[in-house]
Amino acid sequence: MATLKQTPCGNTVRVRKLHGEGPVKRRIMDMGITKGVDIFVRKVAPLGDPIEVTVRGYELSLRKADAEMIEVESEGTAKE
């Protein structure tokens, strides 16, 4: 299982599944990160926290803990 936290800078991935429960999962979904959406990893801070991504046309910073809850697949392996 690949997560957004493991995605190298400069790559685009597609969300497969959101892990986590309750308010944490709801907060991630409220930011526009839902199943099937593409995420471009723009920057990763020197210590890996936070991760700056582009999702649905806007920039977003995520903590490592949140990025670890987002299961992704590379765009090339995504099933249409």
Side-chain angles (χ1 to χ4, degrees):
M1 171 184 86
T3 64
L4 186 59
K5 178 184 170 191
Q6 300 164 334
T7 305
C9 190
N11 287 12
T12 299
V13 292
R14 181 164 292 149
V15 177
R16 288 189 64 192
K17 185 175 182 181
L18 295 175
H19 298 278
E21 295 179 9
V24 176
K25 185 175 180 179
R26 179 86 247 162
R27 185 170 49 84
I28 290 171
M29 292 175 71
D30 287 345
M31 289 187 270
I33 300 172
T34 56
K35 184 178 177 181
V37 74
D38 291 338
I39 299 177
F40 175 70
V41 180
R42 292 176 42 89
K43 295 181 199 171
V44 178
L47 297 176
D49 203 8
I51 299 168
E52 188 176 307
V53 299
T54 300
V55 59
R56 297 184 190 266
Y58 69 93
E59 295 174 10
L60 179 66
S61 291
L62 293 169
R63 296 179 298 191
K64 278 194 296 190
D66 292 341
E68 202 164 28
M69 289 186 232
I70 303 167
E71 184 178 335
V72 297
E73 61 190 355
S74 65
E75 220 173 29
T77 61
K79 292 174 182 68
E80 299 298 324

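- Within the model, atoms CG of Leu62 and CD1 of Ile28 stand 7.5 Å from one another, a figure rounded to the nearest 0.5 Å.
- Taking Glu71 as the reference, His19 meet the side chain to side chain donor-acceptor pair (under 3.5 Å) condition, with sequence neighbours excluded.
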* Determine, stepwise, if the pair Ile33 / Leu60 fulfils side-chain contact (heavy atoms from CB on, under 4.5 Å). => CA-CA 10 Å; Ile33 300 172; Leu60 179 66; 3.8 Å; yes

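- A side chain to side chain donor-acceptor pair (under 3.5 Å) check over residues 46-55, counting only residues at least two apart or in different chains, returns the pairs Arg42-Glu52.
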Residues 4-11, side-chain donor-acceptor partners within the protein, below 3.5 Å, at least two apart:
residue, atom, partner, partner atom, Å
Gln6, OE1, Thr3, N, 2.9
Thr7, OG1, Thr3, O, 3.3
Thr7, OG1, Leu4, O, 3.4

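- Under the 4.5 Å side-chain heavy-atom criterion for ILVMFWY residues, a single connected hydrophobic cluster contains both Val55 and Val15.
- Legend: residues meeting side chain to side chain contact (heavy atoms under 4.5 Å, CB included) with Arg56, ordered by chain and number and at least two apart, are Thr34, Val37, Tyr58.
- For the side chain to side chain contact (heavy atoms under 4.5 Å, CB included) test, residues two or more places apart in sequence or in another chain that qualify with Lys25 are Leu18, Met29.
- Interatomic distance, CE of Met69 versus CZ of Arg63, reported as 7.5 Å (0.5 Å rounding).
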